[in-house]
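Here the structure is laid out as structure tokens; the discussion comes afterwards.
Along the sequence shown, residues carry numbers from 1.
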Amino acid sequence: MDGVETLPPLRETIAAHGLDAKKRFGQHFLLDLNLTRRIARAASPLGDGTVIEIGPGPGGLTRALLLEGAGHVVAVEVDARAFGPLLELQAAAGGRLDLIEADALKIEPRDLGAAPRRIVANLPYNVSTALLVRWLHAANDITDMVLMFQKEVVDRLVAEPRTKDYGRLSVLAQHVCEVRRLFDVAPTAFVPPPKVTSAVARLTPRPQTARLADLRPLERITAAAFGQRRKMLRGSLASVFPEPVATLEGLGLKPTARAEELSVDDFVRLAGALDSE
């Protein structure tokens with residue numbers, strides 16, 4: 001498709017530009033085209049709207065998105081060193097790739113292109129959770145997300161109540177999105193290999209009518225409850241509600257329960273109670 005197939009192997013491109021992954025950017029480069037194309041296919045259909053990629057690095061996943069038929073890719077990269085290989089890829093992409101040098105934590109998805117907007121990324125480990133929470137707030141502007149995290153983050157995203165991985169991120173993500181674990185990725189797939197296994201997840205925002213218009217009360221409730229997860233809710237929520245026992249009992253919840261015992265819907269009802277005060 002266009003000139004993307006004729007580009008030299010990514011490893012050669014990286015060597016030619018003297019590009020190495022930097023720890024301060026949380027970088028681990030994906031060089032296996034079979035794997036990157038598998039990620040791209042998981043995000044399909046890619047032909048309409050805008051595919052947003054965060055942290056493309058030398059462009060391994062970017063290539064895969066273009067090869068899998070993406071009509072318009074917007075790649076946001078904070079590391080100026082990566083623009084050598086990315087500009088070569090842009091020249092080969094026939095107008096289908098836009099490059100933006102910026103911090104993704106300071107950009108709104110709606111400003112990056114037309115809907116439907118799909119975010120597809122091998123996220124930098126050091127900002128992956130912060131980016132996801134930001135996008136959960138912007139869910140109205142996103143069709144879906146196919147994202148790679150450290151495996152422990154995906155474990156938290158899909159965790160159920162009464163399990164050790166269930167926490168604030170589980171509640172926020174599952175309330176806003178349908179979350180599905182897709183597959184794990186071994187450290188050997190990366191250069192340099194991270195010390196942990198990675199995993200890919202797909203998050204599809206629920207209809208607007210099925211989620212809170214404002215996530216801030218839910219963030220506040222979950223931060224308080226899971227910030228002291230060994231405490232009973234009557235204690236951990238004392239900083240949030242003037243009368244936590246009365247509030248909990250009024251919602252049919254046990255004041256002696258702990259955060260991990262509550263369902264996502266229970267937390268949403270607590271957020272509603274906070275929002276109405």
Under the criterion salt bridge (Lys or Arg N to Asp or Glu O under 4.0 Å), I'd like the reasoning laid out for Glu219 against Arg168: C-alpha separation, chi angles, the key distance, then a yes or no.
CA-CA 8 Å; Glu219 283 191 290; Arg168 176 172 175 264; 3.2 Å; yes
Parallel, tilted or perpendicular: ring planes of Tyr166 versus Phe226, cut at 30 and 60 degrees
perpendicular
Backbone N/O of Ala70 and side chain of Arg96: donor-acceptor pair under 3.5 Å:
yes
Does Met145 reach the side chain of Cys177, with side-chain heavy atoms less than 4.5 Å apart?
yes
Working to the nearest 0.5 Å, report the span between CD of Gln174 and CD of Glu160.
7.5 Å
Donor-acceptor pair, Glu53 side chain versus Val120 backbone, under 3.5 Å?
no
CG-CD1 distance between Leu112 and Ile100, expressed to the nearest 0.5 angstrom
5.0 Å
Rounded to the nearest 0.5 Å, the CG atom of Leu253 sits from the CD atom of Glu261 at a distance of 10.5 Å
Flag, side chain of Glu68 to backbone of Arg41, donor-acceptor distance under 3.5 Å:
no
Say whether, by atom type as modelled, one donor and one acceptor occur between the side chain of Arg202 and the main chain of Ala42 under 3.5 angstrom.
yes
For residues Phe267 and Met232: do they belong to one hydrophobic cluster (side chain heavy atoms under 4.5 Å, members Ile, Leu, Val, Met, Phe, Trp, Tyr)?
no
Under 3.5 Å donor-acceptor, Arg211 side chain and Arg206 backbone:
yes
Using a 3.5 Å distance criterion without hydrogens, assess whether the side chain of His175 forms a donor-acceptor pair with backbone atoms of Leu215.
no
Taking all atoms of both residues into account, what is the closest heavy-atom pair of Leu270 and Phe241, and its distance?
O-CZ, 3.6 Å
On a heavy-atom basis, the closest approach of Pro56 and Ala75 is CG-CB, 3.7 Å
Among Arg258, Arg230, Lys231, Arg229, the one residue meeting side chain to side chain contact (heavy atoms under 4.5 Å, CB included) with Ser236
Lys231
So does Arg118 pair up with Asp144, basic N to acidic O under 4.0 Å?
yes
Report yes if some heavy atom in the side chain of Val268 is under 4.5 Å from a heavy atom in the side chain of Leu212; otherwise report no.
yes
Beyond-backbone contact of Val153 with Leu169, side-chain heavy atoms, under 4.5 angstrom:
yes
Shortest non-hydrogen contact between Leu274 and Pro217, atoms and distance:
CD2-O, 3.9 Å
Before accepting this row, confirm whether a basic side-chain N of the pair Asp265/Arg269 lies closer than 4.0 Å to the acidic partner's carboxylate O.
no
Using modelled atom types only, decide if a donor and an acceptor are shared between the side chain of Thr50 and the backbone of His72 within a distance under 3.5 Å.
no
Given 3.5 Å as the limit, does a donor-acceptor pair link the side chain of Arg117 with the main chain of Thr143, or not?
no
Taking only Lys NZ, Arg NE, NH1 and NH2, and the carboxylate oxygens of Asp or Glu, determine whether Arg134 and Glu108 approach each other closer than 4.0 Å.
yes
